[in-house]
Amino acid sequence: MQCKITLFTAFFVALAIALSTLFQRIGGSFSSFDGIGAPSPGALPCLKAGRVMPISSAAADSLKLASGRTSVNLGGSRTGPVKWLLALNACPAKMAGEPFLRSDNRDMVEFLGGRGRYFSYADAVEKAGLLRGSLRGNSPQAHAAEAVLGALAVYEQAGVALALRLEGTSGCLGTLDAWHEAMAEASAELEAAEREKRHPLLDRLYRANRYFQFLQALVQVEEADPNVALRVIPHEGSYLTPAAALLEKNLSPAGRTALKAYAAACDAYAAGDESTAAETLRQLSGELESILPMDSFKLHFEHCINALEPFFGGFLLYGMSLVCFVVSLFLKRRKALLHFATVFLCMAVLWHLFGITARMYIQSRPPVTNLYSSVVFAGAVASLFGGTLYILRRQLPVAAVACASGLLSLLVAMNLPYSGDTMGMMRAVLNSNFWLTMHVMTIMIGYGSVFFAGFLASYHLVARFFGQGKKGLKAGACGVYRILLVALFFCFLGTMLGGIWADMSWGRFWGWDPKENGALMTLLWCSCTLHARLLHVCSCQGFLVLASLGNIVAAWGWFGVNLMGIGLHSYGFVEGGWFWFFLFVGLQVLAAASALIPQRSR
């Protein structure tokens, strides 16, 4: 009975941790605009970077590109992405002074007049000319200036995503009325001039021409960087920005409804009536669901996943499980703590897999489509592998390494340099569900197994220093050997399938591309390590050292070549990250070098 009570308690605690981000959305500033009830303002459709997504995803993407976060503090309260986007459109003057734009270059922030890492749009826009002049060269200041200008572009596009304010008009609804009045006046004058055989009076065309030039300039800016613009006005099977919608002669009824609703919501928010603004957007969401031929369930599902944040919940659960397993190593009466640790690990793996499955459903793609999803998937492979082995064999080191693998993968994924929507449109060379499943998933299972084996080997090497006997070292080597056999099989199969895909896409099976070389290095290292063990070339301790160093080889083949930024596999490139890469290499070298330290007596 006591055991069952402990398990039930652990389950509910784990569930509460997993749903912690959702609880934050139920109340406070998140409830009105980022809540998950249906219909929800956050589930409104938006076209961004070629993908129709809920407006919560589009707003979070823009906010993270500009500030590095998916929520900001406005007026002393935490504000979600949908409310941030609405505030940006409703109160442009006030939001221009809010310091939520980010630069990691402290000198640049100081130059802009900000504090810490954050500055305001008003600070930066005054010095935009100086920033453009400093783009020459390859210095840190040039890169920082380019990043700031990029953040300004994202801010400006987000600021006109829902509604517009034309000069001389009052409010967003007033802008719509002024535009229609100016166009009606100009149309009437042109018709009268044609009827009366005279030139049109320019003063009656001036206002329409001024508005038209302003809107045309906005559209040209949007077309210059189409991946940044947010298109929320539905029109004939696609979506337009408010500027493009006003220029459209025959805007669809759904588009006219959306244009007025967004303008009304912005005016209500600007007047301080947040409840009316939220209700207006909720009504719009319900109307569009009944009018547009769209997959409203998928939009609501993605919006709910944004609120749930399963990967963050999994990260918390992995951390709690790891703490429980590590503490249990030093306790004699640890049965109850192990129950908690096991439940936390199982919930973490399930939450991890749920997040991957949700992404597959939203994208209609296999689980691995870019670097972000590859990190998440490899961590899931390692943690699932380790969790299964722990349940079958009840070996605490395996459980601890499974937790650490899942924790590290989600930590890396959440801190990768952000370059846009992680579920965005696929590059043409990757646009094949068959090969994404056959090659990419296979090679990532191999990499995940290599890392799991390497982390387990590192654990046993460090545990040896703290008194683990030869028996434990030998058992650890046997376990690592079996895992590396799995890794070798999947690395070989994935590399061969990748060659076949390369032959079909680029006309050659093998071209010594850096990414191909990295895969071959990992494959050869696994093979050499296994043969060293099989042929008794090295002791159990030496074998564990080789397996531990295999993490460096796999990390280079997976991340290192992406950091180099050369080769045909340009879809995997990332900027920055050398410091963290070499930190990981240094830690693995230290773990392997611990084998040189004399073993402590027990």
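Computed over heavy atoms, backbone and side chain alike; hydrogens, waters and symmetry mates excluded. Model, not experiment: these values are computed from the prediction.
At least one donor-acceptor pair closer than 3.5 Å links the side chain of T257 to the backbone N or O of P253. With hydrogens and angles disregarded, a donor-acceptor distance shorter than 3.5 Å links the side chain of K515 to the backbone of W558. Side chain of R359 to main chain of P367: no donor-acceptor pair is present (N/O by atom type, distance under 3.5 Å, no hydrogens or angles). N105 places no side-chain N or O within donor-acceptor distance of the main-chain N or O of A144, the cut-off being under 3.5 Å. Under the 3.5 Å distance criterion, the side-chain polar atoms of S285 are left unmatched by any main-chain donor or acceptor of R282. Checked by atom type and distance alone, the side chain of S374 never pairs as donor or acceptor with a backbone atom of M444 at under 3.5 Å. In this structure, the side chain of S103 does not engage the main chain of V109 through any donor-acceptor pair within 3.5 Å.
The heavy-atom pair separating S409 from H352 by the smallest distance is OG-CE1, 3.8 Å. Considering every non-hydrogen atom in both T280 and A261, the closest pair reads CG2-O, 3.5 Å. Taking every heavy atom of both residues into account, I55 and C46 meet most closely at CA-CB, 4.1 Å. When all heavy atoms of P54 and G42 are compared, the pair lying nearest together is CB-O, 3.3 Å. Here the closest non-hydrogen pair linking A161 and N89 is N-OD1, 3.1 Å. Here the closest heavy-atom approach between residue Y318 and residue S383 is recorded as OH-OG, 2.8 Å.
L205 is listed as a side-chain neighbour of L190, based on a closest heavy-atom distance under 4.5 Å. Taking 4.5 Å as the limit, some side-chain heavy atom of I305 sits within range of a side-chain heavy atom of P310. Taking 4.5 Å as the limit, every side-chain heavy atom of E98 sits out of range of all side-chain heavy atoms of N73. Between L308 and F354, the closest side-chain pair of non-hydrogen atoms falls below 4.5 Å. Put simply, the side chain of L281 reaches to within 4.5 Å of the side chain of Y262, judged on heavy atoms. Two residues are said to be in side-chain contact when any heavy atoms from C-beta on lie closer than 4.5 Å; T442 and I445 fail this criterion. By the 4.5 Å heavy-atom criterion applied to side chains, F312 and L410 are not counted as neighbours. Contact annotation: the side chain of K48 approaches that of S62 to within less than 4.5 Å [non-hydrogen atoms, C-beta and beyond].
Take I291 and apply the side chain to side chain contact (heavy atoms under 4.5 Å, CB included) test, not counting sequence neighbours, and it matches A254. For R102, the salt bridge (Lys or Arg N to Asp or Glu O under 4.0 Å) partners are D104, not counting sequence neighbours. Remark: Y206 engages no residue in a ring pair (Phe, Tyr, Trp, His ring centres under 6.0 Å) (not counting sequence neighbours). F301 pairs by the ring pair (Phe, Tyr, Trp, His ring centres under 6.0 Å) definition with Y361, not counting sequence neighbours. E167 meets the salt bridge (Lys or Arg N to Asp or Glu O under 4.0 Å) test with R210; sequence neighbours excluded.
The CZ atom of R117 lies 15.0 Å from the CG atom of L101; values are rounded to the nearest 0.5 Å. The SG atom of C266 sits 5.0 Å away from atom CG of L86, with the distance rounded to the nearest 0.5 Å. Rounded to the nearest 0.5 angstrom, L259 CG and E248 CD are separated by 11.5 Å. Distance check: L166 CG to T175 OG1 gives 4.5 Å after rounding to the nearest 0.5 Å. A distance of 6.5 Å separates CD in E287 from CG in L284, rounded to the nearest 0.5 Å. Remark: Y155 OH to S120 OG distance equals 8.0 Å, nearest 0.5 Å.
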Quiz item: Run the side chain to side chain contact (heavy atoms under 4.5 Å, CB included) check on C172 and R165 step by step: do they pass?
Solution: CA-CA 5 Å; C172 299; R165 276 184 168 80; 3.5 Å; yes
Self-check item: Candidate pair L65 and V228, rule side chain to side chain contact (heavy atoms under 4.5 Å, CB included), full reasoning
Solution: CA-CA 10 Å; L65 284 170; V228 174; 5.7 Å; no
Exercise. Could you walk me through whether W179 and L164 pass side chain to side chain contact (heavy atoms under 4.5 Å, CB included), step by step?
Key: CA-CA 11 Å; W179 167 251; L164 299 173; over 6 Å; no
Self-check item: E274 and K83: CA distance, side-chain angles, deciding distance, side chain to side chain contact (heavy atoms under 4.5 Å, CB included) verdict
Solution: CA-CA 9 Å; E274 292 188 16; K83 184 178 179 180; 3.4 Å; yes
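Geometric assessment of R69 against the ring of Y118 yields a positive cation-pi assignment under the 6.0 Å and 45° thresholds.
The closest side-chain donor-acceptor pair between S275 and D273 falls under 3.5 angstrom. Side-chain contact of E302 with S57: a donor-acceptor pair under 3.5 Å is present, judged by distance alone.
Counting only residues at least two apart or on different chains, the side chain to side chain donor-acceptor pair (under 3.5 Å) pairs with a member in residues 219-244 are E222-T241.
Remark: of the listed residues D61, L85, L47, V160, L85 is the sole one forming a side chain to side chain contact (heavy atoms under 4.5 Å, CB included) with L230.
Within 6.0 Å of NZ in K260 there are 12 or fewer heavy atoms belonging to other residues, nucleotides or ligands. Counting non-hydrogen atoms of other residues, nucleotides and ligands closer than 6.0 Å to CD of Q216 gives a total above 12.
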